[in-house]
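Being a predicted model, the structure only gives us computed values, none of them experimental. Proteins get letters first, then strands, A, B, ... in listed order; numbering begins at 1 in each.
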Amino acid sequence: MARTVWDSSVGKKTVMAVSGLIMLLYLVVHMIGNLKIFFGPGEFNHYAHWLRTVGEPFMHYEWTLWLIRVVLVVAVVAHATSAYQLSRRDLRARPDKYVHRKARTSYATRTMRWGGTILALFIVWHLLDLTTGTVHSGGFQPGHPYQNVVDTFSTWYGDVIYIVAMLALGLHIRHGFWSAAQTLGVGDRARDRALKTVANILALLLTAGFLAVPVAVMTGVVS
Amino acid sequence: MKLTLRIWRQRNADADGAMSTYEVDGVSADMSFLEMLDTLNEDLILQGEDPVAFDHDCREGICGACSLVINGDAHGPERTTTCQLHMRSFHDGDTIDIEPWRAAAFPLVKDLVVDRSAFDRIIQAGGYVTAPTGAAPEAHATPVPKPDADFAFEHAECIGCGACVAACPNGAAMLFTSAKINHLNTLPQGAPERETRVLDMVAKMDEEGFGGCTLAGECATACPKGIPLVSITGMNKEWLRATRKAGGR
Ligand code: HEM
Ligand code: SF4
Ligand code: FES
């Protein structure tokens with residue numbers, strides 16, 4: 001079964017849709033969690049600590065967090081690998097371009113590939129910045145995410161990288177959510193408008209929600 | 001009307017091709033696009049030049065043989081086949097670019113003619129029914145609910161022209177394949193091969209070197225028969241169902 005799915009262009013696209021939706025679900029939760037920064041360092045840092053203790057006493061300290069991390073890594077790798085392989089196949093299938101070119105298809109469709117690449121680079125940067133602290137600007141303090149976030153968004157490049165990535169994310173979800181519904185065979189004529197609306201709302205909410213944090217630091221609302 | 005045509009000329013699959021410019025005069029608005037090309041070819045033959053090769057057969061929009069990308073649009077600016085496109089859609093003095101279908105799975109034969117036999121092989125993989133159908137049966141013998149009949153008929157309209165592949169930025173044959181699968185999988189006559197049909201046709205489509213779907217929607221815009229984009233969604237659904245049932249085979 002796994003082989004049939006992975007060897008087929010339709011199956012690989014299914015892998016892309018499912019892994020994309022897993023990441024999307026995570027991002028909704030992540031975005032809501034980030035908004036706690038508006039309630040001050042106490043609440044934000046406490047929330048970050050709680051993430052490590054979820055599921056206790058059944059789970060040991062950080063077990064749940066690591067479980068989520070493993071699922072996400074699998075999702076990112078599966079998504080990026082299938083995206084890469086399908087894109088290669090698509091480009092090979094259309095080697096000669098038309099002489100008479102036309103501007104076509106929506107902005108979001110055309111930006112899926114480079115938008116995805118921006119997201120991939122951003123994920124690496126983001127982990128090195130706020131999870132491991134490797135590229136962090138100030139003195140990175142594990143267990144003090146509030147201060148770490150403020151430090152990151154106090155640098156111009158920290159803001160630029162984040163803002164560009166979140167705009168790319170919005171476009172990616174706008175096309176991706178609706179696409180995933182088609183890939184998984186749940187779209188139809190009656191539901192098309194509703195699916196597109198939900199895709200737009202999700203894209204807008206996530207982009208706005210994530211961008212609220214750097215904007216708040218830039219304007220001094222969070223410091 | 002007097003027109004300037006820029007046409008892709010290429011001797012054979014291995015030769016280099018290029019756009020060549022021609023002038024045609026005395027084009028009437030009532031001519032079909034192919035009749036306009038016939039006029040050009042008559043001139044070329046009289047001048048001792050090689051006429052432009054292009055595919056055509058019925059010239060009434062039902063066989064799927066005609067195939068030209070006109071000013072960047074498969075089958076030109078109207079939602080119809082090239083043979084049913086009329087010169088009234090153009091204006092005196094226009095310059096028109098004419099190119100062949102472009103896709104790795106449709107190798108070029110000559111000028112504007114490409115080899116679409118990859119479609120035949122997709123059909124051979126599962127685009128048939130094994131139930132003996134004989135002559136037109138008595139209408140009540142096998143009841144088909146009206147919505148199913150309409151749905152199947154809408155997809156049965158596909159004439160296999162390949163405009164969907166030509167228009168797709170990924171050279172994908174998803175719309176063609178999904179039209180055939182939705183057509184046959186919806187009807188009781190197609191039920192025995194419901195799972196093998198979709199698995200085999202999709203596998204063949206991949207094997208022939210067609211691209212995948214990124215839901216750009218260009219295929220459905222180009223299709224002269226109005227096969228809708230959700231047709232592909234329906235095929236994905238059938239594929240997932242068959243894969244689950246077959247356990248991957
Ligand atoms: C690792 C970085 C990423 C890369 C390289 C990437 C790349 C791609 C590509 C190339 C597509 C196909 C676009 C198309 O078919 O037109 C796609 C689809 C998709 N992506 Fe991503 N993406 C990435 C991250 C994400 C993230 C973080 C999410 C979570 C919101 C996501 C959600 C989706 C969804 C839901 C789809 C639709 C799947 C489908 O068409 O069935 N992607 N991605
Ligand atoms: S789906 Fe439409 S464009 Fe594609 S082969 Fe059939 S009739 Fe032609
Ligand atoms: S020549 Fe038959 S459809 Fe155009």
Give the minimum heavy-atom separation between Ala93(A) and Gly209(B), together with the two atoms involved.
CB-O, 3.4 Å

Counting only non-hydrogen atoms closer than 4.5 Å, does Asp188(A) touch chain B with its backbone (N, CA, C, O), its side chain (CB onward), both, or neither?
backbone

Checking Lys12(A) against chain B: side chain, backbone, both or neither under 4.5 Å from a heavy atom?
neither

Need one label for Thr14(A): side chain, backbone, both or neither, based on atoms under 4.5 Å from any heavy atom in chain B.
side chain

When the 4.5 angstrom heavy-atom criterion is applied to Leu229(B) and chain A, the contacting part is side chain

Hey, does Ile232(B) have a side-chain heavy atom less than 4.5 Å from the side chain of Gln182(A)?
no

Counting only non-hydrogen atoms closer than 4.5 Å, does Val186(A) touch chain B with its backbone (N, CA, C, O), its side chain (CB onward), both, or neither?
backbone

Hey, is Arg94(A) close enough to Glu218(B) for a salt bridge, meaning N to O under 4.0 Å?
no

Is Ala2(A) in contact with chain B via its backbone, its side chain, both, or neither, using a 4.5 Å heavy-atom distance?
neither

Counting only heavy atoms closer than 4.5 Å, note whether Ala203(B) contacts chain A via side chain, backbone, both or neither.
neither

Separation between CG (Leu195(A)) and OG1 (Thr233(B)), nearest 0.5 Å, reads 9.5 Å

If you count heavy-atom pairs under 4.5 Å with chain A, which of Glu238(B), Met235(B), Met19(B) comes out on top?
Met19(B)

Distance from Leu199(B) atom CG to Thr4(A) atom OG1, nearest 0.5 Å?
8.0 Å

Which atoms form the tightest heavy-atom contact between His100(A) and Glu99(B), and what is the distance?
N-OE2, 3.0 Å

Any side-chain heavy-atom pair of Asn71(B) and Tyr98(A) under 4.5 Å:
no

Does Trp63(A), at its CH2 atom, have more than 12 non-hydrogen atoms belonging to other residues, nucleotides or ligands within less than 6.0 Å?
no

Counting heavy-atom pairs under 4.5 angstrom with chain B, the leader among Asp7(A), Asp96(A), Val5(A) is Asp96(A)

Would you find more than 12 non-hydrogen atoms of other residues, nucleotides or ligands less than 6.0 Å from Arg69(A) atom CZ?
yes

Looking at Lys146(B), I want to see if its NZ is surrounded by more than 12 non-hydrogen atoms of other residues, nucleotides or ligands under 6.0 Å.
no

So which heavy atom on Val202(B) is nearest to which on Ser8(A), and how close?
CG1-OG, 3.8 Å

Is the backbone N or O of Gly212(B) less than 3.5 Å from a side-chain atom of Lys13(A), with the two atoms forming a donor-acceptor pair by type?
no

Identify which part of Arg6(B) has an atom lying under 4.5 Å from any heavy atom of chain A, answering side chain, backbone, both or neither.
side chain

Pick from Val69(B), Asp97(B), Ile70(B), Asp206(B): which one has the most heavy-atom pairs with chain A under 4.5 Å?
Asp206(B)

Between His175(A) and Thr214(B), is there a donor-acceptor pair closer than 3.5 Å when you use the side chain of the first and the backbone of the second?
yes

Just how far is it from atom CE of Met174(B) to atom OG of Ser9(A), taken to the nearest 0.5 Å?
5.5 Å

Looking at every non-hydrogen atom in both residues, tell me the closest pair between Trp239(B) and Gly11(A) and how far apart they are.
CH2-CA, 3.5 Å

In this structure, CG of Asn170(B) is separated from CG of Leu91(A) (nearest 0.5 Å) by 7.5 Å

Side chain from CB out, backbone as N, CA, C, O: work out which of these in Arg92(A) comes under 4.5 Å of a heavy atom of chain B, or both, or neither.
backbone

Ignoring hydrogens, what is the shortest heavy-atom contact between Pro228(B) and Arg189(A)? Give both atom names and the distance.
CG-NH2, 3.0 Å

Over 12 foreign heavy atoms within 6.0 Å of CZ, Phe38(A):
yes

I'd like to know which of Thr183(A), Asp192(A), Leu86(A) tops the heavy-atom pair count under 4.5 Å against chain B.
Thr183(A)

